[in-house]
Trainee: 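Before anything else, here's the structure in question.
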Amino acid sequence: MKTLLLTGFEPFLEFPINPTEKIVKELDGTWIGSYQIKGLLLPVDYREAGERILDEIKKHEPDAVLSLGLAAGRSTITPERIAINCRDGAPDNNGIVLNDASIIEDGPDGYFSTLPIRQFVNKLNESGFPAKISNSAGTYLCNNVMYVVLHEVKDRPAGFVHLPASHELVLLGKKDMPSWSDRDLFEAVKVMIGTLE
Ligand code: PCA
C-alpha cells in the first residue's frame, strides 16, 4: 500500500472560497491507482503552513506529496517547475507581510519539483484538461510550502500544482477571471495522481 499526502489551502485575501480545500476533503481516504490519499488542509500562514506539512510528512511518511493551491486568474492547470527561496507579497491570513525574505536562511536559491510534471501536463491534455508547466509558483504561501517540502524530502516525489478558480468562487467573489467547474478540477487532480507509479 502506498500513500500520497494531498494538501490544499484555506481561503485567503479576497477569495472567499479556495477550490483546493474541497478537493482535499473529498479525496481524503480514497484510493487513486496504487495510492491511498491522506488529505491535509493548510493555513495561509507563513509561520504555520510549512511546519504543519512537515509534521504530517514525519508522522505518516507518505510515498509522495502533492500540494495544491489556487492561482486565481490562470486559465489552465499549472504544475510548478520550481520553488524559490523568497517570501514577498500580500499579507497572510494573520496579517504578516514579508518582503524580500528568505524562507530558509542560507538555503539554496531554488528547488525543482520532483513530481513528473511533464507527464502530468501530457496526461491532462490527453484527457481534455488544458494544462501547462509554470515556471513560477510566486513568492507567497504556495511557493513557501513547495520550497520547505523540497528542502526536506529528497527521496520521494514531491511538488506543487496551481489550479484555476472555480465557477463558485468567481460567482461568489464577483471576480472577472477564468474558472473551471469543481468537477473538472477534481477529475484533473485525479488524472495527475493516476500517472504516479
Ligand atoms: N494560493 C496562494 C496561497 C494559497 C493558495 O491557494 C498562492 O498561490 O501562494
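Atoms within a ligand are numbered from 1 in the order they appear, just like the ligands themselves.
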Trainee: Can you pull the salt bridge (charged side-chain N to carboxylate O under 4.0 Å, His left out) pairs that have at least one residue in residues 130-142, sequence neighbours excluded?
Mentor: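 For residues 130-142, and leaving out neighbouring residues, there are no salt bridge (charged side-chain N to carboxylate O under 4.0 Å, His left out) pairs at all.
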
Trainee: Identify, with sequence neighbours excluded, every residue that meets side-chain contact (heavy atoms from CB on, under 4.5 Å) alongside Glu21.
Mentor: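 In terms of side-chain contact (heavy atoms from CB on, under 4.5 Å), with neighbours along the sequence ignored, Glu21 is linked to Pro11, Lys25, Leu41.
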
Trainee: Do NZ/NE/NH1/NH2 and the carboxylate oxygens of Lys58 and Glu152 come within less than 4.0 Å?
Mentor: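 Looking at Glu152 together with Lys58, the answer is no, because their closest N to O distance does not fall below 4.0 Å.
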
Trainee: So do Arg74 and Ser134 actually touch side chain to side chain, heavy atoms under 4.5 Å?
Mentor: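 Yes, their side chains come closer than 4.5 Å.
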
Trainee: Could you tell me which residues satisfy side-chain contact (heavy atoms from CB on, under 4.5 Å) with Leu172, sequence neighbours excluded, listed by chain and number?
Mentor: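 Only Pro16, Ile17 meet the side-chain contact (heavy atoms from CB on, under 4.5 Å) criterion with Leu172.
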
Trainee: Would you mind writing out a table of all protein N or O atoms found under 3.5 Å from any N or O atom of ligand 1, naming both atoms and giving the distance to 0.1 Å?
Mentor:
from     : atom 1 : to     : atom 2 : distance (Å)
ligand 1 : 1 (N)  : Leu70  : O      : 2.9
ligand 1 : 6 (O)  : Asn18  : ND2    : 2.9
ligand 1 : 6 (O)  : Leu70  : N      : 2.8
ligand 1 : 8 (O)  : His162 : NE2    : 2.8
ligand 1 : 9 (O)  : Leu141 : N      : 3.4
ligand 1 : 9 (O)  : Cys142 : N      : 2.9

Trainee: Flag the pair Leu27 / Lys190 as yes when at least one side-chain heavy-atom distance between them is below 4.5 Å, and no otherwise.
Mentor: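 Yes, side chains in contact.
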
